[in-house]
Asker: 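Let me begin by handing over the structure; questions about it come next.
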Protein chains: 2
Amino acid sequence: MNTPLIEKTCGVADSRAVAAKLAALSHPARIEILRHLSASRSCCCREVVDHLDLAQSTVSQHLKILVDAGLVRYEPDRQRSRYQVDGDALADVSASLAALVNSCCSGR
Amino acid sequence: MNTPLIEKTCGVADSRAVAAKLAALSHPARIEILRHLSASRSCCCREVVDHLDLAQSTVSQHLKILVDAGLVRYEPDRQRSRYQVDGDALADVSASLAALVNSCCSGR
DNA sequence: TTCGTTCATCGCCTATCGCCGATAGACGAT
DNA sequence: ATCGTCTATCGGCGATAGGCGATGAACGAA
């Protein structure tokens, strides 16, 4: 909820990292998935499929992208799969963007 | 700097809009461009080219993407072009992401 | 065992991205 | 008028994204 440490470095590597996280968020379906995951507790792939009107394989790939980006946690549970939003990671991304925006607007 | 109105709708159209803005930000070169634009006052295309080690046409396209997304203002000035960060629009994106993250973490 | 369900992965296809060089328009300077 | 500079845009290229159906593994139920 708060920017823990205001980074002044702003290197190119930083840009890459931030861009990668934002890329994972830059698709309507993935944002919808995040919303659904946070709203419901069950979080299995099938449920997201029913909610989203996309093929199961497509949803699975979107989920994988979110997991690879570190924004969603994955845990296999019997034949089901359990996906859960990583609130801390999500907050980090938001904080990174806020820091970028802040540094862009400070000298204005 | 503050979320003007906390939106509770969270519709799919909303997801599209947010995703589009984030997509414009999800490239290292464009983030670097934003940083450079905010750091310097001049903001002509050539300067960004010198700073970024990319072809002029490529930089021009990145700038166009940022302008189309509404994150950078464009104003032709003689034979130069003037690009300037739209701080308010950038703040809006940051606020939108923060709202999304907040809604995802509230029920936890 | 056999069937049904759930899921991740593979292969394929199309559309878009990201990059570049080339080009043409606009404009200041000579 | 001519030259040099700065831009935006076009066309082409390879790589990636995003979609789908099919498939096989895993597992519970009958």
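Every chain is numbered from 1 and lettered A, B, ... according to where its sequence line falls, protein lines coming before strand lines.
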Asker: Quick one: does B/Leu22's side chain get under 4.5 Å of A/Arg30's, heavy atoms only?
Answerer: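 In short, these two side chains do not touch, never coming nearer than 4.5 Å.
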
Asker: Is there a side-chain contact between B/Val48 and B/Leu37, using heavy atoms and a 4.5 Å cut-off?
Answerer: yes

Asker: Nearest of D/dT7, C/dC7, D/dT9 to any side-chain atom of B/Arg80?
Answerer: D/dT7

Asker: Spell out, yes or no, whether A/Leu25 and A/Ile65 are grouped together once hydrophobic residues are joined by side-chain heavy atoms under 4.5 Å, including indirect joins.
Answerer: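 Looking at the clustering, A/Ile65 is in a separate group from A/Leu25.
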
Asker: Can you confirm whether B/Asp77 is buried at CG, in the sense that more than 12 heavy atoms of other residues, nucleotides or ligands lie under 6.0 Å from that atom?
Answerer: yes

Asker: Which whole-number value in Å describes the distance from A/Leu63 CG to D/dG18 C1'?
Answerer: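 Those two atoms, CG and C1', are 14 Å apart.
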
Asker: Would you say B/Leu34 and B/Val72 make side-chain contact, with heavy atoms under 4.5 Å?
Answerer: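 Yes - at least one pair of side-chain heavy atoms lies under 4.5 Å apart.
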
Asker: Would you mind reading off the distance between B/Glu47 atom CD and D/dT5 atom P, rounded to a whole angstrom?
Answerer: 18 Å

Asker: Taking atom C1' of D/dC6 as reference, at what distance in whole Å does atom CG of B/Asp50 sit?
Answerer: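 Answer to the nearest Å: 11 Å.
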
Asker: Anything under 3.5 Å between a protein N or O and an N or O of nucleotides 18-26 of chain C, put it in a table, one pair a line.
Answerer:
residue: C/dG18; atom: OP2; partner: B/Arg30; partner atom: NH1; Å: 3.3
residue: C/dC19; atom: OP2; partner: B/His62; partner atom: NE2; Å: 2.4
residue: C/dC20; atom: OP2; partner: B/Ala55; partner atom: N; Å: 2.9
residue: C/dC20; atom: OP2; partner: B/Thr58; partner atom: OG1; Å: 2.8
residue: C/dC20; atom: N4; partner: B/Gln61; partner atom: NE2; Å: 3.3
residue: C/dG21; atom: N7; partner: B/Ser57; partner atom: OG; Å: 3.4
residue: C/dG21; atom: O6; partner: B/Ser57; partner atom: OG; Å: 3.0

Asker: Rounded to the nearest Å, what distance is computed from the CG atom of residue A/Asp77 to the C1' atom of nucleotide D/dG28?
Answerer: 13 Å

Asker: Please check the phosphate of C/dT6 (OP1 and OP2 only) for any side-chain N or O of A/Tyr83 closer than 4.0 Å.
Answerer: no

Asker: Over 60° means perpendicular and under 30° means parallel, so tell me whether B/His62 and B/His27 are parallel, tilted or perpendicular.
Answerer: tilted

Asker: What is the separation between atom CG on B/Asp68 and atom C1' on C/dC17, rounded to the nearest whole Å?
Answerer: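 My rounded result for the distance is 14 Å.
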
Asker: Give a yes/no on whether any side-chain N or O of B/Tyr74 is located under 4.0 angstrom from OP1 or OP2 of D/dA8.
Answerer: yes

